[in-house]
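Below is one structure, written out as structure tokens, with a few remarks after it.
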Amino acid sequence: MSRTTAPAPADRKDGATAPAEGLTHGLKQRHLSMIALGGVIGAGLFVGSGAGIAAAGPSIVIAYAISGVLVMLVMRMLGEMSAANPASGSFSVHAERALGPWAGFTAGWAFWFLLCVAVGLEGIGAAKIMTGWFPGSPEWAWVALFMLVFCATNLAAVKNFGEFEFWFAALKVGAIVLFLGIGVLAILGVLPGSDSPGTANLTGAGGFFPHGSEGLIVGLLASVFAYGGLETVTIAAAESEHPVQGVAKAVRTAMWRIALFYIGSMAVIVTLVPWGDKAVVEKGPYVATLDHLGIPAAGQIMNVVVLVALLSAMNANIYGASRMAGSLVSRGQGPKALGRTFGGVPRPAVLVSSAFGFVCVLLSYWRPEDIFVWLLNTIGAIILVVWFFIAASQLVLRRRTEREAPEKLVVRMWAFPVLTWVALAGMAAIFVLMAREEGTRVQLYWTGGLTLLLAVAGFVRQKTADRTS
């Protein structure tokens with residue numbers, strides 16, 4: 001085996017793939033299905049989409065459709081590679097096998113950094129909701145409580161993580177389906193107490209493109225980063241009962257999930273509520289829509305759903321960060337102590353990932369004007385960097401798998417290699433758009449700096465390993 005090729009997981013006699021890095025097959029198919037289903041429903045959708053609507057108006061539907069197509073292509077590519085070789089390191093393992101250890105190092109640690117910072121952000125968001133319900137209680141105490149709960153959950157058997165995510169996802173899915181049902185009834189004019197708005201909100205107040213192409217671009221950038229989280233299912237697949245079948249099923253249903261939850265929600269919201277309504281940003285688009293329809297206690301109902309979405313994301317991100325760190329260490333890409341497993345769980349990686357997330361929370365209180373802002377800017381475009389590595393890896397591994405083990409291609413990228421190149425071109429276009437917009441240019445520069453630093457460190461490690469081998 002060459003130094004630039006990571007080993008593929010060994011196959012078991014029953015046709016499943018052996019779990020990598022000493023992990024277990026503790027996740028059931030129902031866990032994996034709900035992780036995949038709930039992964040597209042986060043606080044970014046419930047709250048963050050308001051800023052996109054304010055910028056793009058009704059054309060936010062097109063923005064989410066465009067970015068949704070890109071996400072579908074990326075997930076199809078990732079699904080192809082993960083079904084062929086399930087691994088808890090997911091795209092980091094694929095990048096190492098395709099491009100070399102430096103690529104796996106860069107993609108893996110960048111994603112770990114993103115998840116850890118995100119854990120802190122989600123903890124802060126959840127704490128703010130709790131202090132609203134319990135005035136006078138300190139935010140840090142709620143963050144500490146959430147951190148302890150989910151750290152403990154992830155330190156236990158992986159099935160505990162799966163159970164938490166199963167019920168979190170079930171609540172989120174139920175809430176979004178109920179919202180869409182109420183919205184469709186209101187649009188049709190059959191919801192008691194409301195009249196159909198027709199197309200007034202879509203064509204009035206500046207039309208479908210009230211801020212022209214610039215507004216659409218801002219909405220597009222906002223929508224791209226709302227899709228983050230889908231990658232976790234391919235990390236979890238390595239610990240499921242049937243990794244190949246599980247990830248294949250999850251990826252194949254990605255299209256209708258994205259169309260229904262994201263694009264469908266945006267269409268319902270901008271049809272029912274004037275896009276210029278300040279409540280869309282201040283309260284969040286879902287709360288604003290329910291308030292507009294006169295649904296009792298809409299704000300508190302959605303606060304519960306948003307809280308669940310934030311806690312779900314904390315749980316999933318601690319899990320994803322620990323598995324990514326454990327996978328990297330098992331491949332010689334980090335401190336050996338982090339790679340140890342106890343009862344099939346990489347507990348040192350869980351503790352370090354949770355601790356780093358808590359440090360991010362402390363920085364938000366101690367240095368909100370500089371260090372914390374730097375952290376936010378640094379992770380701004382990491383998900384795009386990860387997607388780039390996924391597409392580049394798939395270009396290489398698809399041809400290699402066709403030559404060496406075509407039977408492993410149970411999921412295939414559509415119209416290969418044309419759509420892979422289309423996806424890469426789309427990512428390049430988004431990088432250019434980020435460079436054009438003042439609000440995202442700083443994020444692009446900081447993320448680029450972090451990526452370059454990791455790539456150099458990974459390349460030096462690779463060259464050092466080559467010389468000593």
Side-chain angles (χ1 to χ4, degrees), residues 33-76 78-79 118 122 168-184 186-187 201-202 208 215-233 250-273 275 280-281 284-290 302 305-306 308-310 312-313 316 383-384 386-387 423 426-427 430:
S33 296
M34 276 312 233
I35 290 170
L37 197 59
V40 296
I41 310 173
L45 175 63
F46 287 122
V47 180
S49 54
I53 293 172
S59 67
I60 192 68
V61 177
I62 294 178
Y64 269 86
I66 293 172
S67 55
V69 169
L70 177 59
V71 173
M72 289 179 200
L73 296 179
V74 171
M75 282 305 296
R76 188 74 182 187
L78 183 55
E122 288 140 4
F168 279 153
L171 195 151
K172 290 190 292 183
V173 170
I176 201 99
V177 169
L178 182 61
F179 174 83
L180 289 172
I182 292 172
V184 170
I187 290 172
N201 292 325
L202 298 176
F208 196 77
L216 179 61
I217 288 171
V218 175
L220 176 63
L221 294 176
S223 66
V224 165
F225 301 109
Y227 282 112
L230 280 166
E231 304 81 11
T232 303
V233 70
V251 169
R252 284 169 179 156
T253 57
M255 284 193 301
W256 71 263
R257 292 201 308 270
I258 291 172
L260 177 65
F261 295 145
Y262 276 84
I263 304 171
S265 290
M266 293 303 104
V268 165
I269 291 166
V270 296
T271 301
L272 291 174
V273 182
W275 66 268
V280 171
V281 175
Y286 288 79
V287 173
T289 301
L290 295 176
M302 287 310 302
V305 175
V306 172
V308 168
L310 287 165
S312 171
I383 197 63
L384 276 174
V386 168
W387 291 355
M427 295 172 211
I430 293 173

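- Trp387 contributes atom CH2, which lies 5.5 Å from atom CG of Leu70 (distance to the nearest 0.5 angstrom).
- The distance from atom CD1 of Ile263 to atom CD1 of Ile62, rounded to the nearest 0.5 Å, is 11.0 Å.
- Once rounded to the nearest 0.5 Å, the distance linking OH of Tyr64 with OG of Ser49 reads 4.5 Å.
- Residues Leu216 and Ser59 share a closest heavy-atom pair of CD1-O, 3.6 Å.
- Ser265 meets the side-chain hydrogen bond (donor to acceptor under 3.5 Å, both in side chains) test with Tyr286; sequence neighbours excluded.
- Minimum interatomic distance between Trp275 and Pro58 (heavy atoms only, all atoms of both residues): CD1-CD, 3.6 Å.
- Inter-residue side-chain proximity for Val270 and Asn201 is flagged as unmet; no heavy-atom pair is nearer than 4.5 Å.
- Nearest heavy-atom pair, Gly219 versus Ala63, reported as atom, atom and distance to 0.1 Å: C-CB, 3.7 Å.
- Between Ser312 and Lys172, the shortest heavy-atom contact is OG-NZ, 3.2 Å.
- In this structure, CG in Leu78 is found 12.5 Å from CG in Leu73, a value given to the nearest 0.5 Å.
- Taking CG of Leu180 as the reference point, atom CG of Leu260 lies at 5.5 Å (rounded to 0.5 Å).
- For the pair Ala222 and Gly52, the tightest heavy-atom approach, listed with the atom from each and the gap, is CB-CA, 4.2 Å.
- The distance from the CD1 atom of Ile430 to the CG atom of Leu221 is 7.0 Å, given to the nearest 0.5 Å.
- Scanning all heavy atoms of the two residues, the minimum distance from Gly50 to Val281 falls at O-CG2, 3.6 Å.
- The closest donor-acceptor contact from the side chain of Thr289 to the backbone of Pro285 lies under 3.5 Å.
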